[in-house]
Amino acid sequence: MLILLPPSEGKAPEGSGPPVGELSFPTLDKARKRVLNALVRASKRRDALDVLGLTPGLAGELVKNAALKTAPTLPAADLYTGVLYDNLGLGTLDEEAQRRAEESVLIFSGLWGVVRITDLIPPYRLSMGVNLPPLGGLATFWRPLIAKELDRVPGLVVDLRSATYASAWQPGARSVTVRVFRDGKVVSHMAKATRGEIARALLRHDTAPDTPDELAKTLDALGYTIDLAEPARANHPWTLDVHVTDPA
């Protein structure tokens with residue numbers, strides 16, 4: 001089983017490890033260097049905020065981006081913060097669940113393409129939705145490279161990514177896209193919390209589901225109210241809708 005996550009805008013302020021070196025999926029390293037070099041250059045431009053889609057209040061992120069090549073690192077598990085990662089609680093998993101997370105969880109990134117939670121990376125600011133000169137749209141840039149790497153990794157794919165990051169790799173009919181509904185409407189903030197909870201529940205479960213039906217049965221047994229729908233077209237993902245209510 002693979003659990004796909006988006007990164008988060010919120011990140012730990014700094015690391016204490018060595019500058020970024022070898023990461024998981026080393027076939028992506030050449031592309032990672034291209035994006036890193038392009039980001040460093042873009043962050044020094046007069047119009048850097050516009051290029052990177054940042055507000056004036058985030059100007060300090062440009063300084064971090066410009067120093068990424070020598071910036072201290074920390075594990076991806078500790079770097080990403082925010083609602084989804086707070087509810088996932090990687091640091092509080094027991095030893096067995098932690099092992100599963102190291103094997104199963106993949107975090108998508110506009111800068112690094114895709115990383116595992118043990119990879120050492122520095123704090124950065126770059127969305128997959130950015131059109132980064134001279135590379136162009138990052139989702140388009142990464143898509144064939146990530147597909148070549150991940151298409152050969154077997155297993156059910158539980159897709160908990162936001163749309164921006166989902167566009168960087170589509171696993172096809174072996175994947176299940178998880179959507180979160182409240183009162184019949186898709187929700188965003190609560191969706192992040194629910195996705196984090198679901199990822200944690202799956203990592204703590206004794207056995208990993210191998211099929212969409214097994215995933216639905218597992219989440220149903222864990223107390224979630226869900227609806228599972230088959231793909232509308234060939235080689236498209238299944239859809240699993242999770243229905244939530246406001247806390248009492």
Side-chain angles (χ1 to χ4, degrees), residues 1-9 11 19-43 51-53 61 64-66 68-69 71 73-77 79-80 84 101-178 195 199 231 233-238:
M1 177 181 64
L2 297 178
I3 298 176
L4 310 185
L5 299 180
S8 60
E9 292 185 359
K11 296 179 180 69
V20 66
E22 184 175 339
L23 301 177
S24 301
F25 310 109
T27 59
L28 300 178
D29 283 351
K30 185 178 292 186
R32 287 165 172 154
K33 289 180 181 178
R34 291 182 65 192
V35 179
L36 176 58
N37 288 334
L39 177 58
V40 169
R41 289 194 299 268
S43 296
V51 171
L52 300 180
E61 299 296 309
K64 289 183 179 180
N65 281 351
L68 278 172
K69 294 181 181 181
T73 60
L74 69 167
L79 173 65
Y80 297 108
L84 188 155
E102 292 174 3
E103 294 177 351
S104 301
V105 173
L106 300 181
I107 303 173
F108 279 65
S109 163
L111 176 52
W112 311 112
V114 60
V115 297
R116 296 189 184 276
I117 65 171
T118 52
D119 284 327
L120 296 175
I121 53 179
Y124 66 95
R125 191 75 176 217
L126 181 65
S127 169
M128 187 70 81
V130 166
N131 192 322
L132 184 65
L135 304 178
L138 289 174
T140 301
F141 173 83
W142 281 116
R143 191 177 300 125
L145 303 170
I146 292 175
K148 186 176 181 180
E149 184 67 35
L150 296 186
D151 282 352
R152 61 187 179 183
V153 180
L156 177 70
V157 177
V158 182
D159 194 347
L160 302 171
R161 297 172 295 172
S162 56
T164 299
Y165 290 89
S167 63
W169 181 52
Q170 289 295 330
R174 68 182 175 117
S175 69
V176 181
T177 297
V178 177
R195 286 171 178 152
R233 290 179 288 173
N235 204 35
H236 277 62
W238 293 63

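Taking CG of Asp159 as the start and CG of Leu2 as the end, the distance is 10.5 Å to the nearest 0.5 Å. In this structure, Ser8 OG and Leu84 CG are separated by 8.5 Å, a value rounded to the nearest 0.5 Å. With rounding to the nearest 0.5 Å, the separation of CD in Glu103 from CE in Met1 is 10.0 Å. Rounded to the nearest 0.5 angstrom, Ile146 CD1 and Tyr165 OH are separated by 11.0 Å.
Ring pair Tyr80/Tyr124 is perpendicular by interplanar angle, where above 60° counts as perpendicular and below 30° as parallel.
The closest donor-acceptor contact from the side chain of Arg32 to the backbone of Trp112 lies under 3.5 Å. Listed for the Asp29 side chain is no donor-acceptor partner under 3.5 Å among the backbone atoms of Leu23. Within the 3.5 Å criterion, the main-chain N or O of Leu145 finds no donor-acceptor partner in the side chain of Glu149. Looking only at distances, no side-chain donor or acceptor of Arg125 sits under 3.5 Å from a matching main-chain atom of Lys64.
Comment: Arg116 does not engage Asp119 in a salt bridge, judged by the lack of any side-chain N to carboxylate O separation of less than 4.0 angstrom.
A side chain to side chain contact (heavy atoms under 4.5 Å, CB included) with Leu120 is found for exactly one of Thr73, Val20, Leu79, namely Thr73.
Residues Glu102 and Thr118 bring no donor and acceptor atom of their side chains to less than 3.5 Å of each other.
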